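Written out below as structure tokens is the structure these notes cover.
Remember, it's 1-based here, ligands and their atoms both numbered in the order they're listed. Here the structure is a predicted model, which means the values were calculated and not measured.
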Amino acid sequence: MKGDIGVIGLAVMGQNLILNMNDHGYKVVAHNRTAEKVDEFLQGPAKGTDIVGAYSLQELVDKLESPRKIMLMVRAGDVVDSFIDKLVPLLDKGDIIIDGGNTNFPDTNRRVAALKEKGIHFIGSGVSGGEEGARFGPSIMPGGSPEAWPFVKPIFQAISAKTENNEPCCDWVGNDGAGHFVKMVHNGIEYGDMQLITEAYQFMKDGLGMTHDEMQSVFIEWNKTELNSYLVEITSDILGYKDTDGEPLVEKILDTAGQKGTGKWTGINALDMGIPLTLITESVFARCLSSLKDQRVEAEELFGKKKSIVEGDKQVWIEALRQALLASKIISYAQGFMLMREASNENGWDLNYGNVALMWRGGCIIRSAFLSNIRDAYDIDPELSFLGSDSYFKGILENSMSAWRKVAAKSMEVGIPMPSMTSALTFLDGYTTARLPANLLQAQRDYFGAHTYERVDKPKGEFFHTNWTGKGGDVSSTTYNS
Ligand code: NBP
């Protein structure tokens, strides 16, 4: 009997996805560039299963049922192109290549188009959930050639995570690189969620002087509220984890954050599309700032160590912090969905936002109870332009406002950096202000560069230039927006 699907790449993600597929009754053919890893896998974790090995791409192709489905779980970038180039001459028209790595979506756009010309279908799929997700149920976000989806759907939906109602956290996202785009936004939101939690931790630790056991208890309690999520849950575990000397391990970890680029891509994409994705972008910058460790140490000596003490009833502050975290999180998701909406419109992807929320509901790093509410919001209004306008989220934003402002103001007063919580509040203030000072900005642009402006008392699209000093000419610059 031939294999149902081939998987190339036997590192942590590939191996675990294969074992997951095998558990669900699919016969998988496994291949890896370094052939010894095929043997190690077959004689190790795959021993006693139906998984078979292939030591060359030809052998892999020969062992698969038509139309062949071959999933790449390798390092993103050139490695994917190199495997595609080697596979294409061995495949038949109608065969399917799937890239399950963390690929930047323009690469997927390019690959879908190039392979279409050769009659090969291509799916670019985000896979989230790390090692455990891959093994027992990841969130899977596939997009690309729609003709390929019916062949891949049963396997992907079988191995994916399920919601509490047993719905698969996997559905077709859209054409071209839509799947990888949605995975990129997922990762951006993950950056935001993580940053928000770290800001709450610093406020509790430095501002309120709380012990790690106290902070652990707070996160355990928060996990029973609307903040219920995987990241809040693991944070409580981390805060409670003691090193061999009995001290909290977290304080022995160097405070420089790593990043592999997906948060940065999200921010760059937002700038390209003109979407104010402030919270996620601040989260990326916060990681950049953290990596300037030597400079920060020198600067603290130069400026003096801040006292950062927050006075007042600790329990009241903790509740204020919880509300500030929840409200900021709503803004982060609202901005992420704004970005997806713009990309969907620009690319004609017709994204289903409720489905996206459902795909993130289980299996992935940002999984949370909150995503069910997001799904409900898009079920009520599929074209919702700002998540915060949905009545459930609007209610939380309004109820949290005073606590959120208190936390933001206090952080500024005592010098605890909270870039994401404060920028989220600033965003909401801007978004809910009908008249911003951009009129003055337009006047400045017209003053120094004759860039023209529109008037509130004239129809939109009519442009004016003023000779502000009486010295300049009446010639205006061309009007366009980049
Ligand atoms: P890695 O990203 O570490 O990639 C390892 C695989 O890539 C191995 O099969 C390796 O073959 C192959 N490879 C490399 Br590296 N360079 C190669 C080359 N020049 N030619 C051929 N093969 C090459 O594995 P991973 O952590 O399992 O991740 C797989 C994909 O899934 C990545 O795109 C990753 O970003 C994404 N992802 C990872 C996670 C996670 O939690 N790790 C989560 C979600 C998505 P070799 O054995 O011969 O070196």
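Applying the ring-ring contact (aromatic ring centres under 6.0 Å, His included) test to every pair with at least one member in residues 79-98, sequence neighbours left out, gives no pairs at all.
With sequence neighbours excluded, no residue forms a side-chain hydrogen bond (donor to acceptor under 3.5 Å, both in side chains) with Asp350. Every residue two or more places apart in sequence or in another chain that forms a side-chain hydrogen bond (donor to acceptor under 3.5 Å, both in side chains) with Arg296 is listed here: Asp255.
Residues Tyr333 and Phe393 place their aromatic rings such that the two centres sit no closer than 6.0 Å.
Within 4.0 Å of ligand 1, heavy atoms belong to protein residues Gly9, Leu10, Ala11, Val12, Met13, Asn32, Arg33, Thr34, Lys37, Met73, Val74, Arg75, Ala76, Val79, Phe83, Gly101, Asn102, Val127, Gly130.
Ring geometry for Trp360 versus Phe337: interplanar angle over 60°, hence perpendicular rather than tilted (30 to 60°).
Although no hydrogens or angles enter the test, the distance criterion places a donor-acceptor pair under 3.5 Å between the side chain of His180 and the main chain of Gly101.
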